[in-house]
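Presented below is the structure to which this report refers.
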Amino acid sequence: MVGGFRWAAMFPDEVWEHVFSFLPADADRNAAALVCRAWYRIERRSRWRVFVGNCYAVEPAAAVRRFPEVRAAAIKGKPHFADFNLVPSDWGGGAEAWVEAMAEGWPHLEELRLKRMVVSDDCLELIARCFKNFKVLSLVSCEGFSTAGLAAIAANCRNLRELDLHENEVEDNCLHWMSHFPESFASLVTLNIACLEGEVNVSVLERLIGRCPNLKTLRLNHSVPLERLVGLLHRVPQLVDLGTGKFAAQHHPELFSKLESAIAGCKNLKSLSGFWEAGPTYLPAIYSVCEGLTSLNLSYATLQGPELIKLISRCKNLQRLWVMDLIEDDGLIAVAASCKLLQELRVFPSDPYGAAQPISLTEHGLVAISAGCPMLHSVLYFCRQMTNAALLTVAKNCPNFTCFRLCIMEPHTPDYITRQPLDAGFSAIVESCKHLRRLSLSGLLTDLVFKSIGASANCLEMLSVAFAGDGDAGLHYILSGCKNLRKLEIRDCPFGDKPLLDNAAKLETMRSLWMSSCSVTLGACRQLARKMPLLNVEVINERKRGLPLELQPDNCPVEKLYIYRTVAGPRSDTPSCVWILR
Amino acid sequence: MEAAGESLRDTELRLGLPGTDAPEKPASTVTRGGKRALPEDDEDGYAKSNKSSEEEEQGEGDLCCQEPPAAKAQVVGWPPIRSYRKNSLHARKVEGEAAGLYVKVSMDGAPYLRKIDLKVYKGYKELREALDDMFKCFSLGEFPRKEGCSGSEYAITYEDKDGDLMLVGDVPWEMFISSCRRLRIMKGSEARGLGSRH
């Protein structure tokens, strides 16, 4: 310090803590912690929320030690491509190590959010027992637990406010888990059980939500019949976010009008989802709340275009829309005309594998939305054809994109009019959208697109690439550019050793890199591991033929490669198909 | 009493709650719980993606746009749809196919019957057009273009799940397809008694 003056001592620690409390972003707190020892000490004692983007980047005990006052933790496990079955099921991402360390060092933990982790019932029981003031449990894309584990949570977490289960694989072995909520329990604000497969005891649920006056979010699973939805809604008219159960039943005018009035009674509804098996019969029952909706998820409903148009045209304040491609171009044109506040659009394929009746969802729909919705910033779009011209138009219309994910379903599909690669189109996107943080590519692409991305995508944090590129240059452009890149995932691209080794240092600035079905050899991985001690270089080889990996020659091709930075060294829970090179 | 609209699937014994499908293969990932299988065991019989085999040379092969091949090998994990969503789609698709609304269609005077899938049509108009198409080869006369049978030789009727003979067109389409068990194209003279929408 200048002249040896310990300026941090100008104020008592509490003042600095108060100052730091105005730094919500972890990045800012991290930066503050590096200024001087005093700030490091003060900051770590006052941080109460941690986010661990890769559960293997740090030892759980080390994290717990450094931040002793944590109340809320969020941890992510498996690489993103695990969502698409590319990661072996036994790869790792187990939550025990973390839960045990937290139970030990953070007894006051209130919130735990886990994503893509393997969470056992034992973990859930530990959580239920050890955290006396536990309030929020959020499990997203997790697996390994059952409704018996949920019963433990229900029985023991007296102050639970949120139970948010999103797209998990949950074994159903305890039918009456919800009955384990004590009669005195009344603190629920969020209950999301949409992913549960089994039957739900609706009467128990009715009583539960009936005594929770603060319930704002209720997402049911597909087993809850439409008739019972009426009764449930009567008990929670204050609901803001509703996920219906099965949204189909025999046509009964009486049920229709009951449903209609029950829904209309929920005057604060802003978000609707669920709609399993929805048909046109009961859809009009929700018309009364459409004007107030900001979020609508119809992506599990195989409603046809005309029905969708009738519904969505009423949703003038919609900000987020998730829908199936059955909406077709016409439907999207209608959305563009009606939903001027739209910020996020996701269009999912109704028939990704089959050759069913062709759906008329093309680049025209995307262009229409880009033209009609000035606040659009996040898109996920599955389609079967695209042109550079369309992408250029979209890029011009929407310079504010933060997330652009386009999936043209057939790999290597060119511009269907010019038969050219889609380099120009995607380049236009990255050049125009200066705040783009997330990008997924598809279609026929050469190294040229990567040149543009490397040069222009300065805010890009996550890039997903599949079936693209000509050779090493493509990967080199990305790794030598994209200065904010954190996550890179690549599959089926002809990228080899050279760009990896030439840009080894870059990998330490990123959270992780996934490469599968590319042209990387074992030798390069070994070199990389030797050169970069702060990286875990995981080679995944599921077909265990021939020699063990240690004895394989350098030119042995690597099927799947996962590289991530870590201060924890090699993990100890690798399955037999994973080798960590040192 | 159960009508001719059933497909073979309905007579199969299956495990599982009504309305859910059973795994196509044993111990596969299909829909519920449990671990994901290795790609080779993937439920839809996906082939491994073509780059991953060590037997292959690194030849680029036909990376350009593909002409529609006869039988497309599906690639693991592509298109990138979450397992959760994929499973929901699959469950519904199988359900939908199982419940496929195939009903027999007979026409008075025609030598044989036909079968149609009611789910394919969006409404009455399409149904009439399809039936017209199907039966015009019998050159047995004009089809009723509008509801009712006034002025034409034939009426389209159906047998509902109570076994009653009903005139097509009275009830909402959704209700119709859920209660229709078979169709019968009736000679006008017989149909007169069914009344109409005058």
Side-chain angles (χ1 to χ4, degrees), chain A residues 81 83-86 88-90 141 143 146 167-172 195 197-199 223 246 250-251 276-277 279-281 299-300 302 304 306 348-355 382 407 409-414 419 440 444 464 466-467 491-492 494 516-519 542-543 556-557 559-560, chain B residues 16-17 19-20 29 31-40 42-44 46 48-54 56 58 60 62-66 68 72 74-93 95-96 120 122-123 171-179:
Chain A
F81 272 177
D83 283 355
F84 316 129
N85 288 10
L86 288 177
S89 57
D90 56 351
S141 301
E143 56 177 349
S146 73
E167 295 188 1
N168 304 291
E169 281 183 27
V170 186
E171 197 190 319
D172 199 10
C195 65
E197 296 290 346
E199 295 277 322
S223 79
K246 185 167 158 186
Q250 286 279 14
H251 178 78
W276 280 286
E277 296 169 60
T281 318
S299 63
Y300 292 100
T302 47
Q304 302 295 320
F348 294 94
S350 54
D351 191 11
Y353 312 109
F382 282 83
C407 179
M409 285 189 270
E410 187 62 42
H412 311 302
T413 305
R419 311 308 284 167
S440 295
L444 182 65
S464 305
F467 304 101
R491 62 163 296 174
D492 294 273
S516 56
S517 306
C518 297
S519 310
E542 290 166 281
R543 287 171 299 158
C556 170
E559 266 174 46
K560 297 179 181 178
Chain B
L17 294 171
T20 65
T29 56
T31 53
R32 329 289 171 201
K35 307 217 190 299
R36 296 183 187 96
L38 292 178
E40 285 123 317
D42 197 281
E43 144 236 349
D44 280 328
Y46 294 160
K48 272 279 216 197
S49 80
N50 55 11
K51 283 271 190 233
S52 61
S53 160
E54 58 245 27
E56 281 183 16
Q58 284 309 314
E60 297 291 281
D62 55 331
L63 283 183
C64 346
C65 39
Q66 303 158 353
K72 236 183 278 191
Q74 286 180 350
V75 174
V76 177
W78 190 264
I81 304 170
R82 276 190 176 177
S83 313
Y84 179 83
R85 184 171 292 278
K86 207 167 60 168
N87 294 340
S88 297
L89 272 182
H90 182 83
R92 202 179 324 109
K93 200 169 173 199
E95 237 179 81
V120 162
K122 295 188 181 156
V171 299
W173 175 254
E174 294 294 303
M175 195 192 285
F176 165 70
I177 62 176
S178 68
S179 56

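Each chain gets a letter, A, B and so on, in the order its sequence line appears, and its residues count up from 1.
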Residues in side chain to side chain donor-acceptor pair (under 3.5 Å) with A/S223, at least two apart?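 With sequence neighbours excluded, A/S223 shows a side chain to side chain donor-acceptor pair (under 3.5 Å) to A/N221, given in chain and number order.
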Please look at [X] and chain B and tell me whether the side chain, the backbone, both or neither of the residue comes under 4.5 angstrom of a heavy atom of that chain.
X      : answer
A/F81  : neither
A/P306 : neither
A/C556 : neither

Who are the salt bridge (charged side-chain N to carboxylate O under 4.0 Å, His left out) partners of B/R85, not counting sequence neighbours?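 Salt bridge (charged side-chain N to carboxylate O under 4.0 Å, His left out) list for B/R85, sorted by chain: empty.
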Taking A/E277's backbone N and O only, do any of them form a donor-acceptor pair with A/K246's side chain (distance below 3.5 Å, no angle check)?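 No, the answer is negative, given that no donor and acceptor are paired below the 3.5 Å cut-off.
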Answer yes or no: is there a donor N or O on one side and an acceptor on the other, between the side chain of B/S83 and the main chain of A/D83, under 3.5 Å?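 Yes; judged by distance alone, with no hydrogens or angles, the pair exists.
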